[in-house]
Amino acid sequence: MFTPVRVRFAPSPTGPIHLGGIRTALYNYLFAKKNGGRFILRMEDTDQKRYIRNAESHILESLKWCGIVPDEGIGFGGPFSPYYQSKRGYIYRFYLNQLLQNGYAYYAFDLDQDLDQKRTDFQKHGIFFSYNYKTRMNFNNSLTMTKKKLAIKLKDQNPYVVRFKMNPGEQLKIHDIIRGNIEMNTNYLDDKILLKSNGTATYHLANTIDDHLMKITHVIRGEEWISSMFFHILLYRSFGWNPPYFAHLPLILKKNGKGKMSKRNYEETIDPIFPIKWMDPNTKKMIPGYRELGYLPESFINMLALLGWNPGGNQEIFSLKELEQSFSLEKIQKSGVLFNMKKMVWFNRRYLNRNKEKVFTFLCKELKKRSIFHRYKKNYLYRVIDLTIDRIHFIHEIWDHSFYFFIDPYYYDQQYLLYNHEKYQYFLHQLEKLHNLLFSVTPFTLDNLKIVFQDKVDKNMWKIYMKLMRLSLVGVFKGVDIMIILEMIGKKQSMNRIKKLINEINTKTI
RNA sequence: GGCUCAUUCGUCUAUUGGUUAGGACGUCAGGUUUUCAUCCUGGAAAGAGGGGUUCGAUUCCCCUAUGAGCUACCA
């Protein structure tokens, strides 16, 4: 029978979401879309101690910014609510009792200090301590006490945890969609805690039960979960459930390639790791995200999609729709990856060209800020954007590269003026000539300007004229073609700016 | 320490038994732009090492090395 694909992204609200989390969410989302399935968002908030207040909204807002929209779950409803694990305690207790009754789990009353003592004792002998089939009979648990004593302990409300009773000696062979078969002997697995002494389920228990109850068909998550996969499989088996398919993604490594990227790394690197801004609750410091730094969500997603996955060809630019069509788990890479910041910038530049409206909106804001918005027509603004968009990498850079279409230079290349101060008289003379020359151009069109300069300006004077004009119009030696600037800002403005530079030079007494 | 996973240019990757090992970012060199950016052309740059299997291995197997993950009453 055909079972519809159901995948989930299940973050834990213990901090801000970073690149890696977004990529995991993205791959889940793409897989669901590709297969006509559903993408579920579940909050794995079983650890109340590590709960961080604004983490959940950071995750939700980040996903929203990226355009990764769940079909079901937090904020989207669905038949399997609640989608917060903190609200599903009664469910976990119910299933845990099954495990207890069937002998797959047991109560353990060991105190923290006893366990710590054991750990250090073992370490002294050079052995790593593990609560497992070898050691469990030396501890204070329901396997080592009479039923009567257990009943008394429970009745007296002694704090306890529930542990999974791991059966040794079995060679497990699990298929991972990305990695193929992975083997593990249960001898190496320990008696993991299922229920903490505060009465809440651990991740392992909650995750397994929820994935089953929510009919998750494919578990797509980071490589750090490979080790736990075997334990999870055994849990499914103990419940008598069929496990889902597994796909473990390669990790996104820190910039130096040493260790996986973590939400705690943001202070070690100037490169952003969060999609949107995050305020450190301790230092109250605001860490900007890709959104704040001027990256477009489309380029961010495109970059992330290709970080560990590639459909096989040479195409690099993919819209979300295209990604949805071509995504497949089999094409995911096995080894850890590094995030290439320069390529991210390149992607952003490519996407700017496809999002001129956003640049337009930003430019309008800049003009309104200066109360000069009303002076310009939409066509003019789009012309400016067309002329300058290739020069910018981020939306907010547009003003620095286009201000001279709107306002006089507020700064002149001082270096150039100082360096040539002995030529001031000469400059002034030429600027006057330029001023007159522009005055003679009627009408002030691009064609006419070109003709006038060609006819009336001596070839070997071009260079100095262009320099002086650029200095007058832009203030510095950058920007689009001088003739185009002249035409765009018009005769009056152009001549004014030349006068302004003349004044500037005149006031410089050297 | 134990277990598990990984290993193609600096980075992301294609090719997966027979290729001059391809592309992209970056980098370098030229050209266009009488500025700057863009753009164009070109170059340098890789199969971790060692054994097998095979007529032939980057591709399959083994070992070694290196890296990573896990080894919590974190997820």
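Quick caveat: nothing in here was measured; it's all calculated off a predicted structure. In what follows, chains are A, B, ... by sequence order, proteins preceding strands, each numbered from 1.
No engagement by A:Lys467 is indicated, since no non-hydrogen atom pair under 4.0 Å with the nucleic acid exists. Base contact: A:Asn340 has a heavy atom under 4.0 Å from a base atom. Heavy atoms of A:Lys331 sit under 4.0 angstrom from primed sugar atoms or phosphate atoms, though from no base atom. Within 4.0 Å (heavy atoms only), A:Gly126 reaches no atom of the nucleic acid at all. In this structure, A:Val337 reaches the sugar-phosphate backbone alone: every heavy-atom distance under 4.0 Å involves primed, P, OP1 or OP2 atoms, never a base. Across all strands, A:Asp400 comes closer than 4.0 Å to no nucleic acid atom at all (heavy-atom distances). At the heavy-atom level, A:Lys334 lies under 4.0 Å from the strands shown only through sugar-phosphate atoms. Using a 4.0 Å heavy-atom distance criterion, A:Ser12 is classed as a sugar-phosphate-only contact. Within the nucleic acid shown, A:Val474 has no heavy atom closer than 4.0 Å to any nucleic acid atom.
For A:Lys343 and B:rA24, a side-chain-to-base donor-acceptor distance below 3.5 Å is present, hydrogens and geometry of angles not being considered. Side-chain to base pairing of A:Ser197 with B:rC73: one donor and one acceptor N or O lie within less than 3.5 Å of each other. Side-chain N/O atoms of A:Arg179 and base N/O atoms of B:rC5 include no donor-acceptor pair closer than 3.5 Å.
The side chain of A:Met184 lies closest to B:rC3 when the candidates are B:rC3, B:rC12, B:rC74. When each of B:rC74, B:rU4, B:rA24 is scored by its nearest atom to the side-chain atoms of A:Ile182, the top-ranked nucleotide is B:rU4. Set against B:rC12, B:rU8, B:rG26, the side chain of A:Ser335 has B:rU8 as its closest nucleotide. Listed candidates were B:rC74, B:rC70, B:rU35. Nearest to the side chain of A:Arg50 is B:rC74. Closest to the side chain of A:Lys342, out of B:rA75, B:rC25, B:rA14, is B:rC25. Relative to the side chain of A:Trp346, the nucleotides B:rC5, B:rA24, B:rA75 differ in distance, and B:rA24 lies closest. Counting only heavy atoms from C-beta on, A:Glu224 has its side chain closest to B:rG69 among B:rC25, B:rU7, B:rG69. Of the candidate nucleotides B:rC3, B:rC73, B:rU13, B:rC3 has the atom lying nearest to any side-chain atom of A:Tyr188. Considering only side-chain atoms of A:Glu44, the nucleotide from B:rA75, B:rA68, B:rG22 that sits closest is B:rA75.
Of the N and O atoms on the side chains of A:Gln123 and A:Arg119, not one donor lies less than 3.5 Å from an acceptor on the other residue. For the residue pair A:Tyr351/A:Asn302, the side-chain donor-acceptor check at 3.5 Å is satisfied. Between the side chains of A:Gln493 and A:Tyr404, no donor-acceptor pair of N or O atoms lies under 3.5 Å.
Centroid-to-centroid, the aromatic rings of A:Tyr295 and A:Phe394 come within less than 6.0 Å.
For B:rA46 and B:rU58, the C1' atoms lie 10 Å apart once the distance is rounded to whole Å. B:rG18 and B:rC60: their C1' atoms are spaced 15 Å apart (whole Å). When the P atom is compared between B:rG31 and B:rA37, the two are found 14 Å apart, to the nearest whole Å. B:rC9 sits 12 Å from B:rC25 when the C1' atoms are compared, rounded to a whole Å. Atom name P, nucleotides B:rU7 and B:rA14: the rounded distance is 11 Å, in whole Å. When the P atom is used for both B:rA48 and B:rU11, the distance is 13 Å, rounded to whole Å.
Side-chain N/O atoms of A:Lys263 include none lying less than 4.0 angstrom from OP1 or OP2 on B:rA75. Put simply, A:Lys478 has no side-chain N or O that comes within less than 4.0 Å of OP1 or OP2 on B:rU33. At the phosphate of B:rA75, OP1 or OP2 sits under 4.0 Å from a side-chain N or O atom of A:Thr46. Contact annotation: A:Gln333 reaches the phosphate of B:rA14 (side-chain N/O to OP1 or OP2, under 4.0 Å). The shortest distance between the side-chain N/O atoms of A:Lys49 and the OP1/OP2 oxygens of B:rC73 is not below 4.0 Å.
The distance between atom CZ of A:Phe347 and atom P of B:rU11, rounded to the nearest whole Å, is 17 Å.
Annotation: cation-pi geometry not satisfied between A:Lys263 and A:Phe274 (NZ/CZ under 6.0 angstrom from ring centroid, within 45° of ring axis).
Using cut-offs of 30° and 60° on the angle between ring planes, the pair A:Phe129 and A:Tyr131 is perpendicular. Between A:Tyr160 and A:Tyr107, the angle of the ring planes goes over 60°, which puts this pair in the perpendicular group of the 30/60° scheme.
Using a 5.5 Å limit on the distance between ring centres and a 30° limit on the angle between planes, the aromatic ring of A:Phe128 counts as stacked on the six-membered base ring of B:rG1.
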